[in-house]
Amino acid sequence: MRQSGGHLRQRRRLNGVLAGRFARMCSTPPSPRRWDGSLVHVRARRSLRVSGDSASRLLRCGQSDRCRDCGNRIEWYHRINERPIRLHPHELPAEKVPATCHWHVSSGVAYPAGNGSGWCRLSHAMLCPARDGLPTVPELAALRRALAVNTRRLIDSGAFVPSAVMPSTEASPATTCRPARPVVQLLYVRYLANRPVDEIQCVAQTRRRHRCTSSLLTPEARAGVWTLVPTTTAHGQLSLPDAVMAVYALTGLPYAEQLRWRAQRCPEHAAIPTAADVAVAEWEPFDPLIHHEHIHTRLPTLAGRQGPAGRSRKAAQP
């Protein structure tokens with residue numbers, strides 16, 4: 001069957017249009033995205049910055065850390081009374097945990113109760129294998145054994161050294177006088193530090209997105225003074241026996257220097273207000289009734305050590 005001239009011309013025109021479109025499609029450069037929509041070449045990330053009028057300088061609420069006693073991962077949160085609490089990083093079924101051990105997190109604050117759901121959080125103190133006393137709940141005992149195995153693996157690989165491990169030499173009285181968690185007084189408020197004074201670490205973020213490894217006490221900065229002060233209680237608490245305790249006083253330092261200690265920043269990051277924090281400040285309001293085991297009645301004396309205790313001890317002597 002023969003086609004007319006008009007039909008042939010229309011068919012040739014259509015074939016030409018399709019051929020041109022196919023040629024343009026073949027010459028088009030490949031899309032910069034993969035099949036799932038993600039970019040082939042990812043641009044360099046910009047550093048996160050916290051707004052100047054923000055109430056918190058933290059990049060997130062739960063701060064990951066490792067337990068100083070067992071080396072397992074923990075998460076730091078603040079309670080309603082602003083005291084820090086270490087929680088297990090994973091949720092557990094609520095029916096397998098005693099109701100008295102339930103914790104839940106809401107808006108970045110940890111509460112010592114359940115929230116009505118089938119899951120709950122648990123304090124790390126209930127699971128830490130370095131603590132004495134095994135939990136009576138079988139599920140918690142199994143989890144604690146798993147954490148103990150992980151601690152042994154970290155120790156065997158050299159990735160973790162327990163804070164309770166002491167050198168093989170004989171322990172001298174000077175070494176035992178060094179408080180592991182000293183009481184520090186700054187801005188006329190007493191706080192309980194989480195580690196010795198010369199080991200308190202800066203909480204600011206470095207350019208490599210890691211926590212700063214510098215300590216607050218530097219050779220160039222002014223040090224505090226170890227002194228003996230009366231053990232007083234807060235308003236409304238029962239009176240304690242007349243006793244004294246060792247306190248690392250920073251009240252003699254300038255106001256700006258005390259603010260630097262309160263923010264837990266090294267001198268370098270104290271001069272950079274735009275640097276964000278990647279960890280919660282480890283200051284805990286001191287309560288003599290709750291923290292009575294951290295009260296020391298003698299001044300720390302470290303013979304042969306050029307540290308804060310050695311310098312401050314001379315200043316504290318009459």
Side-chain angles (χ1 to χ4, degrees), residues 56-58 63 68 76 78 81-84 174-175 177-204 211-235 240 243-273 275 277-303 305-318:
S56 174
R57 304 201 61 80
L58 294 175
Q63 301 301 307
R68 298 184 60 195
W76 285 99
H78 278 154
N81 55 1
E82 298 184 358
R83 295 186 183 275
T175 305
C177 291
R178 185 192 185 201
R181 298 192 63 185
V183 180
V184 180
Q185 181 169 342
L186 54 94
L187 300 174
Y188 295 99
V189 180
R190 294 177 185 175
Y191 297 94
L192 182 66
N194 195 35
R195 58 191 68 194
V197 176
D198 54 344
E199 297 181 6
I200 300 177
Q201 186 180 350
C202 178
V203 298
R211 179 175 176 177
C212 177
T213 58
S214 303
S215 59
L216 303 188
L217 187 63
T218 58
E220 297 79 11
R222 292 180 55 184
V225 178
W226 282 103
T227 181
L228 295 176
V229 298
T231 305
T232 57
T233 58
H235 179 71
L240 297 175
V244 294
M245 65 178 181
V247 173
Y248 189 72
L250 298 171
T251 52
L253 302 184
Y255 179 71
E257 190 70 5
Q258 296 187 50
L259 289 179
R260 180 181 72 85
W261 277 80
R262 181 62 182 87
Q264 199 169 333
R265 290 194 165 216
C266 63
E268 180 180 356
H269 284 102
I272 308 176
D277 296 340
V278 294
V280 180
E282 300 170 343
W283 301 115
E284 184 176 353
F286 176 74
D287 191 327
L289 298 180
I290 299 177
H291 308 119
H292 58 87
E293 68 273 11
H294 301 292
I295 295 178
H296 299 271
T297 58
R298 293 191 303 171
L299 294 175
T301 54
L302 299 179
R305 174 184 174 86
Q306 297 298 328
R311 295 194 300 266
S312 306
R313 178 171 52 88
K314 297 180 181 179
Q317 291 178 351

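Every value quoted in this text rests on a predicted model; they were computed, and no experiment measured them.
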Exercise. Can you measure from NE2 (His292) to CG (Asp287) and round to the nearest 0.5 angstrom?
Key: 10.0 Å

Quiz item: Which distance, rounded to the nearest 0.5 Å, do you find between the NE2 of His269 and the CG of Leu216?
Solution: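 Result: 12.0 Å between the selected atoms.
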
Quiz item: Is there a donor-acceptor pair under 3.5 Å between the side chain of Arg265 and the backbone N or O of Pro273?
Solution: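 No, the answer is negative, given that no donor and acceptor are paired below the 3.5 Å cut-off.
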
Quiz item: Is the backbone N or O of Phe286 less than 3.5 Å from a side-chain atom of Tyr191, with the two atoms forming a donor-acceptor pair by type?
Solution: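 Judged by distance alone, no pair lies under 3.5 Å.
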
With sequence neighbours left out, write down each residue that passes side chain to side chain contact (heavy atoms under 4.5 Å, CB included) with [X], or none if nothing qualifies.
X	value
Val229	Arg190, Thr227, Met245, Val247
Leu259	Leu187, Tyr255
Pro230	Thr232
Pro285	Arg83

Quiz prompt | Partner residues of Glu284 under the side-chain hydrogen bond (donor to acceptor under 3.5 Å, both in side chains) criterion, sequence neighbours left out | solution = Arg181, His291

Got [X] and [Y] here, is their nearest side-chain heavy-atom distance under 4.5 Å?
X	Y	answer
Tyr248	Pro196	no
Val203	Val278	no
Ser215	Gln201	no
Ile200	Leu217	no

Quiz item: So which pairs with a foot in residues 217-227 pass salt bridge (charged side-chain N to carboxylate O under 4.0 Å, His left out), sequence neighbours left out?
Solution: none

Exercise. Mind running side chain to side chain contact (heavy atoms under 4.5 Å, CB included) on Leu186 and Trp283 for me, showing each step along the way?
Key: CA-CA 11 Å; Leu186 54 94; Trp283 301 115; 4.2 Å; yes

Practice problem: Decide side chain to side chain contact (heavy atoms under 4.5 Å, CB included) for Gln185 and Thr251; before the verdict, give the C-alpha distance in whole Å, the side-chain angles of both, and the deciding distance to 0.1 Å. | Solution: CA-CA 7 Å; Gln185 181 169 342; Thr251 52; 4.0 Å; yes

Practice problem: Compare every heavy atom of Leu253 with every heavy atom of Gln258, then report the nearest pair and how far apart it is. | Solution: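 Shortest heavy-atom contact: NE2-O, 3.0 Å.
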
Self-check item: Minimum heavy-atom distance between Val197 and Pro182, given as atom pair plus value
Solution: CG2-CG, 3.6 Å

Practice problem: Please list, chain by chain and in numerical order, all residues satisfying salt bridge (Lys or Arg N to Asp or Glu O under 4.0 Å) with Glu282, sequence neighbours excluded. | Solution: Arg195, Arg211

